[in-house]
Protein chains: 2
Amino acid sequence: MKAGLSRERLVRAGAELADEAGFDQVTVSALARRFDVKVASLYSHLKNSRDLRTGIALLALEELADRAAEALAGRAGKEALTALADVYRDYAHEHPGRYAAAQLRLDPETAAASAGVRHARLARAVLRGYDLDEPDQTHAVRLLGSVFHGYVSLEMGGGFSHSAPDTRETWSRTLDALDALLRNWPDP
Amino acid sequence: MKAGLSRERLVRAGAELADEAGFDQVTVSALARRFDVKVASLYSHLKNSRDLRTGIALLALEELADRAAEALAGRAGKEALTALADVYRDYAHEHPGRYAAAQLRLDPETAAASAGVRHARLARAVLRGYDLDEPDQTHAVRLLGSVFHGYVSLEMGGGFSHSAPDTRETWSRTLDALDALLRNWPDP
DNA sequence: TACGTTTCCCTAAAGGTTTTAGGCAAATCA
DNA sequence: TGATTTGCCTAAAACCTTTAGGGAAACGTA
């Protein structure tokens, strides 16, 4: 009875498991259980358990970049800014486990070959709508990354006690503020 | 031969272990090894392994709040802003394991009793130097948290490839930008 | 000082995860 | 059809978590 395992299917199922049970619950054992297969069978398709987690991280980065690229098509300026921001926030809400996986620290070579570089390019694309030269553009790319990641991660971690005002309101005002800042980037 | 274990000492040693080997390497077994004691002995002082990690997280939050309170004493405006920001960044660089621990998701009661609330108050103290009323002040507190946490976490995770321009330069320009933004907070 | 109690760490054991080594049978190919 | 490859299995070792119960040292008290 062949179960039809493959690295592809395993990583995808791992991503689902992460979203359902949390990224830290993603284990080779749990995955084997899910396929109703013995644990050792997975080791023909995965190098080790870290390999599984890395695979999920890379998948999440790809999916995020795909969504971002689609969201940015035909948009510019503040519209592009909020579109990109919402991609990150929505993805984290829809796929908390995958989003957590995307935060996994990758070794430099893997990171360089990942969709991470597309993310940087997409952020730069948003900044084309604002008037920034190097090195300010790089500073701004990093600021965008920081705000998006920091906000989403604090929100998901319960860092903002679910009290008034609504976090969606804060999100919208944060994007207003970022837009204002980029249009009016201060001189050193 | 009594080893002189106590919850206090275990948590503190766990924090050191986290800084040296990474927060995910913090395990009851590793800790027992460090004290040259059998694993089961630790369970008189710790409820379970999560209890250990939670203890480290609470310790880190306390230490961070202490540093922040000291750094803010006698400062206001942009000086206070950069002082607070540097406390987070420096702490994360000095104590990466503890900083990772501080990101641990706590259950609501534990969080409410933690130093997390002091952090919120300290951020509000910084904002006294700027002219913001509610609910914008709350939005701004959340923005500060997002930027500080997001920046530090991306920087430490290698998210900013160590290429030009220097990340310290970006940090300084980011604080300039935040200051400018807070002085000139946009209307909705 | 001797006795009872508490404190502290230990042994023992069960259950879960990771990973490697080697085997067998079904699928594939010549 | 026979040979090879593929795919999942059994077995086993190593490590982490957690609970149950025991024994000796430290401590308080008479």
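Hydrogens, waters and symmetry mates are skipped; everything else that's a heavy atom, side chains included, is used. By convention in this document, chain letters (A, B, ...) are assigned in the order of the sequence lines, proteins followed by strands, and residues within each chain are numbered from 1. None of the values given here were measured: they were computed from a predicted structure.
Taking only side-chain nitrogens and oxygens, B:S29 comes nearer than 4.0 Å to OP1 or OP2 of D:dT17. OP1 or OP2 of D:dC9 has at least one side-chain nitrogen or oxygen of A:S41 nearer than 4.0 Å. Between A:S44 and D:dT6 there is no side-chain polar atom (N or O) within less than 4.0 angstrom of OP1 or OP2. Checking the phosphate oxygens (OP1, OP2) of C:dC9, a side-chain nitrogen or oxygen of B:H45 falls inside 4.0 Å. Regarding contacts with the backbone of D:dT17, a side-chain N or O of B:T27 is found under 4.0 angstrom from either OP1 or OP2.
Between B:E155 and A:R142 no salt bridge is recorded (no basic side-chain N to carboxylate O distance below 4.0 Å). Taking a cutoff of 4.0 Å between a charged side-chain nitrogen and a carboxylate oxygen, B:K78 and B:D176 qualify as a salt bridge.
Regarding B:L42, its CG atom lies at a distance of 18 Å from the P atom of C:dT7, rounded to whole Å. Nucleotide C:dA13 holds its P atom 15 Å from the NZ atom of B:K38, rounded to whole Å. As rounded to whole Å, 11 Å separates atom P of D:dC16 from atom OH of B:Y43. Regarding A:D24, its CG atom lies at a distance of 13 Å from the P atom of C:dT17, rounded to whole Å. Distance A:Q25 CD to C:dT18 P: 11 Å, rounded to the nearest Å. Here the P atom of nucleotide D:dC8 and the CG atom of A:L46 are 12 Å apart, to the nearest Å. For the pair B:F35 CZ and C:dC8 C1', the interatomic distance rounds to 14 Å; values are reported in whole Å. Rounded to whole angstrom, the span from the CG atom of B:L10 across to the C1' atom of C:dC9 amounts to 12 Å.
Side-chain rings of B:H95 and B:Y99 stay apart, their centers remaining 6.0 Å or farther from each other. Checked against the 6.0 Å centroid criterion, the rings of A:F160 and A:Y151 qualify as a close aromatic pair.
In this structure, the nucleotide among C:dT11, D:dT18, C:dA21 sitting nearest to the side chain of B:A40 is C:dT11.
Remark: side-chain polar atoms of A:D19 are paired, donor with acceptor, to backbone N or O of A:R98 under 3.5 angstrom.
Counting any heavy atom pair closer than 4.0 Å across all strands shown, A:R33 reaches sugar-phosphate atoms only and no base atom.
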